[in-house]
Amino acid sequence: MLARQYRLKSSRDISRVFRTGRFGRSDSLLVKAAPNHLAYSRAVVVVSKKVDKRAVVRNRNRRRLVAELNKRWQTVRPGYDIVITVRADLAETDLAELQQQLSRSLAKAQVIAED
């Protein structure tokens, strides 16, 4: 879980990122990032009901992705608000593929250096 300071919570901020942010995407993920003029970055993972109607499945996807983001958090450049949208169920995606998709999407959004 990301530290409280690094969580993007305000719906106003999330809407701003969707309107003005740069994006990167992979097969299952969409990343939007916009400058936030702070000394640190903030992030949120969004899993809609289009992925699955069951909250248990959506929460499992969210927790899995947040855990991978937390491992890579030191590589994220400061000063960005990041919204990660899950576009497909990640249950069948193995860990290596999930890490690769997350890295690729973040790099395309220009918030980390490419591996």
Got a second to check how far [X]'s [atom1] is from [Y]'s [atom2], nearest 0.5 Å?
{"X": "K71", "Y": "L102", "atom1": "NZ", "atom2": "CG", "answer": "11.0 Å"}
{"X": "I112", "Y": "S105", "atom1": "CD1", "atom2": "OG", "answer": "9.0 Å"}
{"X": "E68", "Y": "R63", "atom1": "CD", "atom2": "CZ", "answer": "14.0 Å"}
{"X": "I14", "Y": "T85", "atom1": "CD1", "atom2": "OG1", "answer": "9.5 Å"}
{"X": "Q100", "Y": "L29", "atom1": "CD", "atom2": "CG", "answer": "11.5 Å"}

- Does CZ belonging to R64 count more than 12 external heavy atoms closer than 6.0 Å?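 Yes, CZ of R64 has more than 12 neighbouring heavy atoms, counting only those of other groups under 6.0 Å.
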
- More than 12 heavy atoms of other groups within 6.0 Å of E92 CD: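 Counting neighbours around CD of E92, 12 or fewer heavy atoms of other residues, nucleotides or ligands fall under 6.0 Å, so no.
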
Tell me whether [Y] is reachable from [X] by hopping between hydrophobic residues (I, L, V, M, F, W, Y) whose side-chain heavy atoms are closer than 4.5 Å.
{"X": "L8", "Y": "V66", "value": "no"}
{"X": "L65", "Y": "V76", "value": "yes"}
{"X": "I82", "Y": "L2", "value": "yes"}
{"X": "V31", "Y": "W73", "value": "yes"}

- Message: Could you go through H37 and Y80, starting from their C-alpha distance and side-chain angles, then the distance that decides it, and tell me whether this counts as side chain to side chain contact (heavy atoms under 4.5 Å, CB included)?
- Response: CA-CA 7 Å; H37 308 295; Y80 286 94; over 6 Å; no

Between [X] and [Y], which heavy-atom pair has the shortest distance, and what is it?
{"X": "L30", "Y": "F23", "value": "CD1-CD1, 4.0 Å"}
{"X": "R87", "Y": "D27", "value": "NH2-O, 3.6 Å"}
{"X": "V51", "Y": "A88", "value": "CG1-C, 3.9 Å"}
{"X": "R104", "Y": "S26", "value": "NH1-CB, 3.8 Å"}
{"X": "R16", "Y": "A34", "value": "NH1-CB, 3.8 Å"}
{"X": "R58", "Y": "V47", "value": "CD-O, 3.6 Å"}

- Stepwise side chain to side chain contact (heavy atoms under 4.5 Å, CB included) test for R22 and K108: CA-CA 9 Å; R22 295 183 296 222; K108 285 181 183 177; over 6 Å; no

- Item | Audit row: I84, V44, side chain to side chain contact (heavy atoms under 4.5 Å, CB included) steps and yes/no | CA-CA 6 Å; I84 302 172; V44 65; over 6 Å; no

- Task: Name the orientation class of the two ring planes belonging to Y40 and Y6 (parallel below 30°, tilted from 30 to 60°, perpendicular beyond 60°).
- Result: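 Y40 and Y6: perpendicular rings.
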
- Message: Counting C-beta onward and ignoring hydrogens, is there a side-chain heavy-atom pair between N61 and N59 closer than 4.5 Å?
- Response: no

- Message: Do L69 and L106 have side chains that approach each other closer than 4.5 Å (heavy atoms only, starting at C-beta)?
- Response: yes

- Does one side chain, of R72 or S103, offer a donor that lies under 3.5 Å from an acceptor on the other? yes

- Message: Run the salt bridge (Lys or Arg N to Asp or Glu O under 4.0 Å) test on R42 and D81 for me, step by step, so that the C-alpha distance in whole Å, both residues' side-chain angles and the decisive distance to 0.1 Å come before the verdict.
- Response: CA-CA 5 Å; R42 300 180 297 181; D81 284 341; 2.9 Å; yes

- Item | Backbone of G79 reached by a side-chain donor or acceptor of S41 within 3.5 Å | yes

- Message: Between K32 and R19, is the side chain to side chain contact (heavy atoms under 4.5 Å, CB included) condition met? List the steps.
- Response: CA-CA 9 Å; K32 297 273 293 191; R19 272 195 324 271; over 6 Å; no

